[in-house]
Asks: 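A single structure is presented below for examination.
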Amino acid sequence: MTASPPPTTAEELRGAGLRVTAARVALLETVRHGDHLDVEAVASGVRDRVGHISLQAVYDALHALTSAGLIRRIEPAGSPARFEGRVGDNHHHVMCRSCGVVADVDCAVGEAPCLTASDDHGFSIDEAEVIYWGLCPTCTAAPSS
Ligand SMILES: [Zn+2]
Ligand SMILES: [Zn+2]
């Protein structure tokens, strides 16, 4: 049995119907290697890979890749949007109120039960966005000033 090689980032972009540019390839790789990065962190990661790119170009590429389903945007209330490469599994997030660190949380019990709403109002539901808020271990341990 010969395993076919995994698609390159460029092939994934093409497969999603997107034009392949160096900036988009760098952005997708930055988001995937990062950990729930905000726009500033994505921009600096892209710049490390391809040199200067305007913030507007970063926003445009983030929008294109989010629409294509290659990356996911999470928008915690009252804090900047974050981007991640883990898509399509309806996982959730836990976020620290104090320092803003974010971690992945799998759905509470097994097969995404949160998608079975107690009343779906006739909607065909494909995503439940849950953010658990609290204090991370570092902030819990820090002496309050
Ligand atoms: Zn914290
Ligand atoms: Zn996540």
Side-chain angles (χ1 to χ4, degrees), residues 3-50 53-121 123-145:
S4 53
T8 64
T9 308
E11 285 165 351
E12 286 186 74
L13 287 166
R14 220 172 281 124
L18 293 173
R19 197 163 49 85
V20 177
T21 66
R24 284 175 174 175
V25 169
L27 187 140
L28 185 52
E29 288 174 350
T30 299
V31 170
R32 283 182 175 166
H33 291 143
D35 185 15
H36 306 101
L37 303 176
D38 64 15
V39 174
E40 291 291 340
V42 171
S44 83
V46 172
R47 285 172 188 143
D48 286 347
R49 286 173 158 82
V50 296
I53 174 172
S54 72
L55 202 55
Q56 186 57 48
V58 170
Y59 275 108
D60 290 347
L62 282 170
H63 181 75
L65 269 61
T66 304
S67 301
L70 292 172
I71 59 175
R72 179 173 171 200
R73 175 192 175 98
I74 53 174
E75 290 182 79
S79 88
R82 309 292 186 93
F83 295 86
E84 67 178 337
R86 185 178 163 186
V87 297
D89 68 350
N90 193 66
H91 74 276
H92 305 309
H93 295 99
V94 59
M95 185 156 186
C96 179
R97 284 185 201 286
S98 179
C99 69
V101 73
V102 181
D104 287 334
V105 181
D106 289 333
C107 209
V109 190
E111 288 290 300
C114 53
L115 290 179
T116 311
S118 55
D119 178 354
D120 65 14
H121 297 274
F123 284 51
S124 154
I125 294 172
D126 58 30
E127 183 177 338
E129 190 169 316
V130 178
I131 299 181
Y132 301 93
W133 292 90
L135 286 179
C136 72
T138 307
C139 291
T140 304
S144 49
S145 47

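In this chain, residues are counted from 1 in sequence order. All ligand and atom numbering here is 1-based and tracks the order in the structure.
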Asks: Checking one value in my table: which N/O/S atom of H91 lies closest to the Zn ion (ligand 2)?
Replies: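 Going by distance to the Zn ion (ligand 2), the closest N, O or S atom in H91 is NE2.
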Asks: Only to 10 degrees, please: what angle do the SG atom of C99 and the SG atom of C96 make about the Zn ion (ligand 1)?
Replies: 110°
Asks: What are the two closest non-hydrogen atoms of V46 and L27, and how far apart are they?
Replies: CG2-CA, 3.6 Å
Asks: Provide the closest heavy-atom pair for V20 versus A10 in the form atom of the first, atom of the second, distance.
Replies: CG2-O, 3.4 Å
Asks: What are the two closest heavy atoms between G69 and V87, and how far apart are they?
Replies: O-CG2, 3.5 Å
Asks: Just wondering, is there an N, O or S atom on H36 that's nearer than 2.8 Å to the Zn ion (ligand 2)?
Replies: yes
Asks: What is the name of the N/O/S atom of E84 that is nearest to the Zn ion (ligand 2)?
Replies: OE1
Asks: Can you list the steps and then say if L13 with L65 is a side chain to side chain contact (heavy atoms under 4.5 Å, CB included)?
Replies: CA-CA 8 Å; L13 287 166; L65 269 61; 3.9 Å; yes
Asks: Can you tell me the N, O or S atom of D104 that's nearest the Zn ion (ligand 2)?
Replies: OD1
Asks: For the pair D104 and R82, find out whether any cationic side-chain nitrogen is under 4.0 Å from an anionic carboxylate oxygen.
Replies: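 No, D104 and R82 are not salt-bridged.
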Asks: If the Zn ion (ligand 1) is the vertex, what is the angle to SG of C139 and SG of C136, rounded to 10 degrees?
Replies: 100°
